[in-house]
2 protein chains.
Amino acid sequence: MKHKQVNLSKNQQIVLETIRKAKKPLKAYSILSSVKKKGINAPPQVYRALEKLVELGVIHKIESKNAFVDCKNSECETSKATAFSICKKCQKITEIMNSKLSTYLTNFQDNTGMKYEKYNLEFYGLCKRCKL
Amino acid sequence: MKHKQVNLSKNQQIVLETIRKAKKPLKAYSILSSVKKKGINAPPQVYRALEKLVELGVIHKIESKNAFVDCKNSECETSKATAFSICKKCQKITEIMNSKLSTYLTNFQDNTGMKYEKYNLEFYGLCKRCKL
DNA sequence: ATAACGCTTGTTATAATATAACATTATAAT
DNA sequence: ATTATAATGTTATATTATAACAAGCGTTAT
């Protein structure tokens with residue numbers, strides 16, 4: 001469960017550090033305002049870094065929230081297979097690391113003959129705390 | 001595999017018909033421009049209809065595309081369990097109707113004690129045609 | 001019947017998210 | 001060193017989505 005190491009550019013490092021320090025998924029413009037003091041001034045700089053970090057699999061995008069989290073799962077290579085749980089109440093988002101699930105989905109085949117290379121799964125519900 | 005019947009308001013009907021006629025997922029502003037001739041003039045009117053239709057489960061949102069498709073699956077009650085395949089090349093999007101998959105995911109439990117009420121799964125790959 | 005309610009509508013304005021396009025600079029590969 | 005690739009900085013703009021408010025319609029409870 002270690003962070004991956006890759007060669008990152010300056011802006012990519014800054015954005016990644018910001019995401020890693022956060023306790024929750026960050027939105028692009030929230031990242032932007034955090035990194036203004038480090039010399040990143042404009043949206044494209046953030047979006048470009050995010051795009052690359054997603055490609056590398058060191059962060060993931062929570063599609064239904066337009067937010068980004070760092071990948072805590074050393075097994076999900078280059079973000080091909082991602083699964084999250086999202087609490088509808090407190091918005092807590094957790095990456096699901098379950099090898100049975102990922103095996104099941106990676107091998108899933110429907111009847112259309114399509115070959116899947118990648119998936120993203122988002123569960124919604126109430127987390128342990130909010131369920132009480 | 002029949003369309004669901006529900007009591008819909010005028011704008012909801014108009015938006016739903018537009019989505020049903022389309023051969024592919026539509027974006028909100030594309031819907032807006034289609035329905036201007038029917039007297040719908042502004043984004044909130046479209047977004048409100050979309051929100052309601054999603055709640056009712058007669059359409060689904062493809063989160064990674066910000067696009068909407070009508071539900072062709074009489075089994076996915078009020079959009080609690082949705083799965084799609086998305087072709088990376090031609091962008092063709094298909095709703096996956098596979099009872100094993102939906103049973104598996106509906107019953108999925110991780111180790112955090114979270115109770116899931118809903119999920120959305122999006123597969124990416126190459127469709128039969130584009131694979132050639 | 002009418003008041004109260006819930007829901008939908010219409011409208012203007014604006015917030016939030018994301019990319020295009022272009023000029024420049026840094027890094028890596030041969 | 002030369003070339004190719006990737007990253008940067010910048011301005012402007014496109015795209016997606018919501019806030020806030022006024023008004024109308026249909027139900028139903030009194």
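A quick note: this is a predicted structure, and the numbers were derived from the prediction, not measured. Proteins get letters first, then strands, A, B, ... in listed order; numbering begins at 1 in each. Worth knowing before you read on, the calculation uses all heavy atoms, side chains too, and leaves out hydrogens, waters and symmetry mates.
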How many angstroms lie between atom [atom1] of [X] and atom [atom2] of [Y], to the nearest 0.5 angstrom?
{"X": "Leu101(B)", "Y": "Leu121(B)", "atom1": "CG", "atom2": "CG", "value": "6.0 Å"}
{"X": "Lys52(A)", "Y": "Leu8(A)", "atom1": "NZ", "atom2": "CG", "value": "9.0 Å"}
{"X": "Ile86(B)", "Y": "Leu126(B)", "atom1": "CD1", "atom2": "CG", "value": "12.5 Å"}

Tell me the interatomic distance from [X], atom [atom1], to [N], atom [atom2], rounded to whole angstroms.
{"X": "Lys65(A)", "N": "dT18(D)", "atom1": "NZ", "atom2": "P", "result": "11 Å"}
{"X": "Gln45(B)", "N": "dC21(D)", "atom1": "CD", "atom2": "C1'", "result": "14 Å"}
{"X": "Leu8(A)", "N": "dT27(C)", "atom1": "CG", "atom2": "C1'", "result": "14 Å"}
{"X": "Gln12(B)", "N": "dT9(C)", "atom1": "CD", "atom2": "P", "result": "6 Å"}
{"X": "Ile31(B)", "N": "dT15(D)", "atom1": "CD1", "atom2": "P", "result": "16 Å"}
{"X": "Leu26(B)", "N": "dT15(D)", "atom1": "CG", "atom2": "P", "result": "16 Å"}
{"X": "Ile14(A)", "N": "dG9(D)", "atom1": "CD1", "atom2": "P", "result": "8 Å"}
{"X": "Leu56(B)", "N": "dC7(C)", "atom1": "CG", "atom2": "P", "result": "12 Å"}

Identify, between Lys52(A) and Asn41(A), the residue whose nearest nucleotide on DNA chain D lies closer to the 5' end.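 Residue closer to the 5' terminus by nearest nucleotide: Lys52(A).
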Angle between terminal axes - the helix from dA1(C)-dT30(D) to dT30(C)-dA1(D), 5 pairs each end, rounded to 10°: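 End-to-end axis angle for the helix from dA1(C)-dT30(D) to dT30(C)-dA1(D): 40°, rounded to 10°.
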What pairs meet the side-chain hydrogen bond (donor to acceptor under 3.5 Å, both in side chains) rule with one or both residues in residues 102-112 of chain A, with sequence neighbours excluded?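 Of all non-adjacent pairs touching residues 102-112 of chain A, those that pass side-chain hydrogen bond (donor to acceptor under 3.5 Å, both in side chains) are Asp110(A)-Thr112(A), Asp110(A)-Tyr116(A).
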For [X] and [N], is the shortest distance between a side-chain N/O and OP1 or OP2 below 4.0 Å?
{"X": "Lys36(B)", "N": "dG10(C)", "result": "no"}
{"X": "Asn11(B)", "N": "dT9(C)", "result": "yes"}
{"X": "Ser9(B)", "N": "dT9(C)", "result": "yes"}
{"X": "Lys27(A)", "N": "dT17(C)", "result": "yes"}
{"X": "Lys10(A)", "N": "dT8(D)", "result": "no"}

Does the structure place the NZ or CZ of Lys118(B) under 6.0 Å from the centre of the six-membered ring of Tyr124(A), at an angle of no more than 45° from the ring's axis?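 Yes - Lys118(B) lies over the ring of Tyr124(A), closer than 6.0 Å to its centre and within 45° of its axis.
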Would the Phe108(A) and Tyr119(A) ring centres measure less than 6.0 Å apart?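 No.
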Interface polar pairs with nucleotides 18-23 of chain C, N/O, under 3.5 angstrom:
unit_1: dA18(C); atom_1: OP1; unit_2: Lys61(A); atom_2: NZ; d: 2.8
unit_1: dA18(C); atom_1: OP1; unit_2: Asn66(A); atom_2: OD1; d: 3.3
unit_1: dA18(C); atom_1: OP2; unit_2: Tyr47(A); atom_2: OH; d: 3.2
unit_1: dA18(C); atom_1: N7; unit_2: Tyr29(A); atom_2: OH; d: 2.9
unit_1: dA18(C); atom_1: N6; unit_2: Tyr29(A); atom_2: OH; d: 3.0

Flag yes if Leu26(A) and Ile40(A) sit in one hydrophobic cluster, no otherwise; membership is Ile, Leu, Val, Met, Phe, Trp, Tyr, and two members link when side-chain heavy atoms are under 4.5 Å apart.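 In one cluster with Leu26(A): Ile40(A), yes.
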Under the 3.5 angstrom rule, does the side chain of Gln45(B) hit a backbone N or O of Asn11(B) as a donor-acceptor pair?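 The answer is no, because no donor-acceptor pair under 3.5 Å joins these two groups.
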Using a cut-off of 6.0 Å, state whether more than 12 heavy atoms not belonging to Lys131(A) lie near its atom NZ.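 It does: Lys131(A) NZ has more than 12 such atoms within range.
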